[in-house]
Amino acid sequence: NAGVTQTPKFQVLKTGQSMTLQCAQDMNHNSMYWYRQDPGMGLRLIYYSASEGTTDKGEVPNGYNVSRLNKREFSLRLESAAPSQTSVYFCASSDNPREGLYFGPGTRLLVL
Amino acid sequence: SQKIEQNSEALNIQEGKTATLTCNYTNYSPAYLQWYRQDPGRGPVFLLLIRENEKEKRKERLKVTFDTTLKQSLFHITASQPADSATYLCALSFSGGYNKLIFGAGTRLAVHP
């Protein structure tokens with residue numbers, strides 16, 4: 001039981017490049033989330049998926065797109081990376097967000 | 001908009017003492033309040049949840065209180081150990097939105113032998 005896994009662990013991009021962050025969970029959770037974490041700031045919700053086939057914007061969705069590929073997988077895409085997107089990205093899943101989230105290990109992204 | 005405040009300064013305490021961390025919030029009252037632990041380079045780990053109609057919740061050496069009048073939650077770790085050193089995040093879940101979970105920036109706790 002791996003929980004929530006994320007790939008890659010680290011990534012360096014140049015401004016304007018695109019990339020996709022992958023996330024998978026093996027706990028059969030319905031809900032999945034993408035957060036970003038910046039120094040001195042709390043985790044901020046980018047997008048979430050309450051169930052397979054649905055996605056919704058969170059607090060900071062601009063510059064990102066998501067795909068809920070199936071119940072297990074939820075990917076985050078940066079179409080044209082900007083230095084302001086330098087951050088640590090966390091994927092999380094839950095059966096009920098009010099009962100706590102399970103987080104992955106994070107992807108550290110540097111955009112030059 | 002909602003604002004969550006956690007002490008940005010690190011809390012340094014001696015092993016064996018009780019650590020107390022504070023989470024203050026403004027505006028609307030949350031339906032739930034959660035506490036997470038985060039170690040360097042890792043994702044947050046869920047610890048405890050307390051509901052708006054609960055005053056106190058305990059789990060082993062952890063105790064959380066929730067005062068909706070003061071708009072404050074206190075997180076206590078009794079008999080603290082160096083292994084408790086980490087950053088602790090509070091998160092509030094508000095009614096009226098399935099996924100309205102807002103995180104504080106966290107407080108770093110250092111327990112010294």
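To find a chain, count down the sequence lines: A is the first, B the second, and so on, and within it residues start at 1. Every heavy atom of this structure was used, including side-chain atoms; hydrogens, water molecules and symmetry mates were not.
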Query raised in the report: Relative to chain B, which segment of A:Q37 carries a heavy atom at a distance below 4.5 Å: side chain, backbone, both, or neither?
Result: side chain

Query raised in the report: Does any donor atom in the side chain of A:T20 or A:R77 lie under 3.5 Å from an acceptor atom in the other side chain?
Result: yes

Query - Donor on one side chain, acceptor on other, B:Q81 and B:D84, under 3.5 Å - result: no

Query raised in the report: Given the options A:K9, A:Q6, A:M41, which has more heavy-atom pairs under 4.5 Å with chain B than any of the others?
Result: A:M41

Report summary line: Okay, A:R44 and chain B: the region with an atom under 4.5 Å from a heavy atom over there is neither

Report task. For B:Q34 and B:Y32, test the side chains for any donor-to-acceptor distance below 3.5 angstrom and give the result as yes or no. Result -> no

Query raised in the report: Does any heavy atom of chain A fall under 4.5 Å from the side chain of B:Q6, the backbone, both, or neither of them?
Result: neither

Report task. Report the C-alpha separation of A:S94 and A:H29 in whole Å, then their side-chain angles, then the decisive distance to 0.1 Å, and conclude whether the side-chain hydrogen bond (donor to acceptor under 3.5 Å, both in side chains) test is met. Result -> CA-CA 5 Å; A:S94 177; A:H29 287 163; 5.6 Å; no

